[in-house]
A.B. asks: 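This is the structure I want to talk about, given as structure tokens.
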Amino acid sequence: DTGVSQDPRHKITKRGQNVTFRCDPISEHNRLYWYRQTLGQGPEFLTYFQNEAQLEKSRLLSDRFSAERPKGSFSTLEIQRTEQGDSAMYLCASSSSAGNTIYFGEGSWLTVV
Amino acid sequence: GQSLEQPSEVTAVEGAIVQINCTYQTSGFYGLSWYQQHDGGAPTFLSYNALDGLEETGRFSSFLSRSDSYGYLLLQELQMKDSASYFCAVRLANSGYALNFGKGTSLLVTP
């Protein structure tokens, strides 16, 4: 069990650029989640996949954000035309169908300058 | 909607016992979870309560009262490494098992 892995761990980008984050969940987990966390706050839910289907999106997920999970394995989160307000840690998590526990990756820190 | 309330900061002395409370409002309750997060790290699962009562895991225990919409995390024999943020969370409605987190309690353990 290698855990949830995320890449890159840190990204600095200029305002207006696009960025993409990748998440590899725990291999046997069919549920995958993206969260965003800013300093001093709890993780905020962005979106959820069951296998390759994106079943839920938060109102936080503006049209500049898109997430995919082709073939129900890894997932990507793309942010287009980044804004300074997008600066945050983007957390990926996964869980099994039977479990009540979600397991987080180490997160991808985004700084928009 | 959903809301979770927990104290923003708690300070305790090494070796002591500390209790972090959480009250929640949610429709369709599916259990209360607790996560620990060290600065710059990932949230890690501590405990889950689906039913009323106390769950014990080593130095950590978690309690739930569904009738009071209340739970707490109890940390015993505090160690310096327990300094971290602690989040309670409930399952989001209509989101599989996605969790809605509180704002977290920052615990500082002092010598």
Side-chain angles (χ1 to χ4, degrees), chain A residues 1-6 9-10 23 25-26 29-51 53-61 67 69 72 75 88-109 111, chain B residues 1-9 20 22-24 26 28-51 55 57 60 62 64 71 73 84-108:
Chain A
D1 180 359
T2 58
V4 179
S5 61
Q6 296 188 240
R9 294 293 317 280
H10 301 273
C23 171
I26 293 171
H29 286 178
N30 63 343
R31 292 183 169 143
L32 186 146
Y33 314 85
W34 284 99
Y35 283 80
R36 180 173 68 188
Q37 187 177 26
T38 53
L39 284 174
Q41 301 294 316
E44 297 173 300
F45 171 71
L46 292 178
T47 190
Y48 151 66
F49 290 85
Q50 176 145 333
N51 300 311
Q54 189 174 19
L55 297 185
E56 185 70 16
K57 290 194 288 186
S58 162
R59 288 173 298 174
L60 293 175
L61 209 68
R69 193 184 182 195
S75 176
M89 180 165 67
Y90 290 85
L91 289 159
C92 178
S94 68
S95 70
S96 68
S97 300
N100 291 305
T101 302
I102 64 173
Y103 297 89
F104 284 88
E106 294 289 331
S108 292
W109 286 94
T111 302
Chain B
Q2 291 184 325
S3 68
L4 298 106
E5 296 291 332
Q6 49 182 134
S8 58
E9 294 180 349
I20 299 173
C22 173
T23 57
Y24 59 86
T26 182
F29 180 73
Y30 298 97
L32 185 69
S33 299
W34 289 92
Y35 282 75
Q36 179 193 60
Q37 186 178 33
H38 288 97
D39 281 348
T44 56
F45 172 77
L46 289 177
S47 69
Y48 170 75
N49 295 69
L51 302 175
E55 294 281 341
T57 309
F60 294 0
S62 57
L64 175 65
L73 179 69
S85 293
Y86 293 84
F87 298 92
C88 58
V90 295
R91 205 180 103 183
L92 275 167
N94 303 319
S95 292
Y97 284 86
L99 296 175
N100 182 26
F101 286 82
K103 292 187 176 181
T105 298
S106 178
L107 171 64
L108 176 63

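Letters go in sequence order (proteins before strands), and every chain restarts at 1.
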A.B. asks: For B:Ala42 and A:Gly105, work out which heavy atoms get closest and say how close.
C.D. replies: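 Heavy-atom minimum between the residues: CB-O, 2.9 Å.
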
A.B. asks: Non-hydrogen atoms of chain B under 4.5 Å away: do they reach the side chain of A:Leu91, the backbone, both or neither?
C.D. replies: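 Only the side chain of A:Leu91 comes within 4.5 Å of chain B.
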
A.B. asks: Distance-only, no hydrogens or angles: does the A:Tyr35 side chain make a donor-acceptor pair with backbone N or O of B:Leu99 under 3.5 Å?
C.D. replies: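 A pair under 3.5 Å: yes.
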
A.B. asks: Please collect all side-chain hydrogen bond (donor to acceptor under 3.5 Å, both in side chains) contacts where either partner lies in residues 31-44 of chain B, sequence neighbours excluded, each pair once.
C.D. replies: A:Gln37-B:Gln37, B:Gln36-B:Tyr86

A.B. asks: Test of understanding: with ring-ring contact (aromatic ring centres under 6.0 Å, His included), list the residues that count as partners of B:Phe60, not counting sequence neighbours.
C.D. replies: none

A.B. asks: Does any backbone or side-chain atom of A:Thr47 lie under 4.5 Å from a heavy atom of chain B? Answer side chain, backbone, both or neither.
C.D. replies: neither

